[in-house]
Amino acid sequence: MKKVLLSSAIAAAMGVSGMAHAVVDLNDSDATTNSSVTFASQLEIASTGTDLNDENGANGGELDVTNEIGFSINDGSTRFVRYDLSNGATFASTPSLSATIASAGVAATNIAAGGQDESFVVFEVSVTGGDAVQGDTLTLNMDDDGGAGVAADADISVTSEQPVTVSYALYETATAATND
């Protein structure tokens with residue numbers, strides 16, 4: 001099952017500096033509240049890549065992306081989720097994925113493909129102790145403070161002033177997720 005949600009999420013476009021929201025929400029379809037992050041127009045973008053992060057943000061996590069799983073994952077099952085960055089943006093460090101499972105189940109997540117220096121990342125998500133339902137959430141931590149097993153300052157690298165969008169897809173197999 002493939003479900004793709006597109007968002008004008010990370011507006012790496014160099015518009016006027018604005019207020020950053022706590023987390024970009026791919027399920028927010030309301031244009032008046034749809035989350036985006038804007039960086040100052042004075043930034044110099046190198047053709048070899050310029051890293052963007054929120055190290056100076058008061059709360060941190062402004063580049064994190066959250067979305068609903070969109071489909072159930074049964075207890076004991078494994079599925080694969082893929083996030084893609086647009087317009088030549090890449091992950092400057094290793095991103096991580098966390099899951100909020102309402103049934104009190106636990107989801108283990110590991111990178112199966114992509115990640116650092118790539119424009120995509122595929123995570124293997126294994127659920128135990130209860131089913132994950134379509135409304136449970138995943139959070140892609142793109143700018144993390146380096147908790148256990150998480151690369152410090154995972155952020156994105158851009159090579160132009162074009163807006164960067166994030167897309168999400170859920171797959172049943174690793175082959176399908178990596179061949180997208």
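Position 1 is the first residue of the sequence; numbering continues from there. Quick caveat, the model's predicted, so the values are computed rather than measured.
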Cluster link Val133 to Tyr168, ILVMFWY, side chain under 4.5 Å: no

[X] side, atom [atom1]; [Y] side, atom [atom2] - distance, nearest 0.5 Å:
| X | Y | atom1 | atom2 | result |
| --- | --- | --- | --- | --- |
| Asp84 | Ser167 | CG | OG | 4.0 Å |
| Thr178 | Phe120 | OG1 | CZ | 7.5 Å |
| Thr90 | Asp117 | OG1 | CG | 6.0 Å |
| Thr50 | Glu161 | OG1 | CD | 9.5 Å |
| Glu68 | Thr100 | CD | OG1 | 11.5 Å |

Flag side-chain contact, heavy atom, 4.5 Å: Leu138 against Thr66: no

CD/Glu118: more than 12 non-hydrogen atoms of other groups inside 6.0 Å: yes

Test side chain to side chain donor-acceptor pair (under 3.5 Å) applied to Thr78 and Ser126, step by step: CA-CA 4 Å; Thr78 298; Ser126 301; 3.0 Å; yes

Smallest separation among heavy atoms of Thr94 and Gln116, with atom names: OG1-OE1, 3.5 Å

Stepwise side chain to side chain contact (heavy atoms under 4.5 Å, CB included) test for Asn67 and Tyr83: CA-CA 11 Å; Asn67 60 276; Tyr83 292 90; 2.7 Å; yes

Lys NZ or Arg CZ of Arg79 over Tyr171 ring: under 6.0 Å, within 45°: no

Polar side-chain atom of Ser86 near backbone of Thr165 as donor-acceptor pair, under 3.5 Å: yes

N/O donor-acceptor pair under 3.5 Å between Thr109 side chain and Ser98 backbone: no

Residues that Ala107 engages under side chain to side chain contact (heavy atoms under 4.5 Å, CB included), provided they are two or more places apart: Ala99, Ile101, Val125, Val127

Partners passing salt bridge (charged side-chain N to carboxylate O under 4.0 Å, His left out) against Asp136 (at least two apart in sequence or in another chain): none

Residue of the set Asn141, Asp64, Thr139 for which side chain to side chain donor-acceptor pair (under 3.5 Å) holds with Ser96: Asn141

Verdict with reasoning, Asn110 to Phe123, per side chain to side chain contact (heavy atoms under 4.5 Å, CB included): CA-CA 5 Å; Asn110 298 302; Phe123 290 94; over 6 Å; no

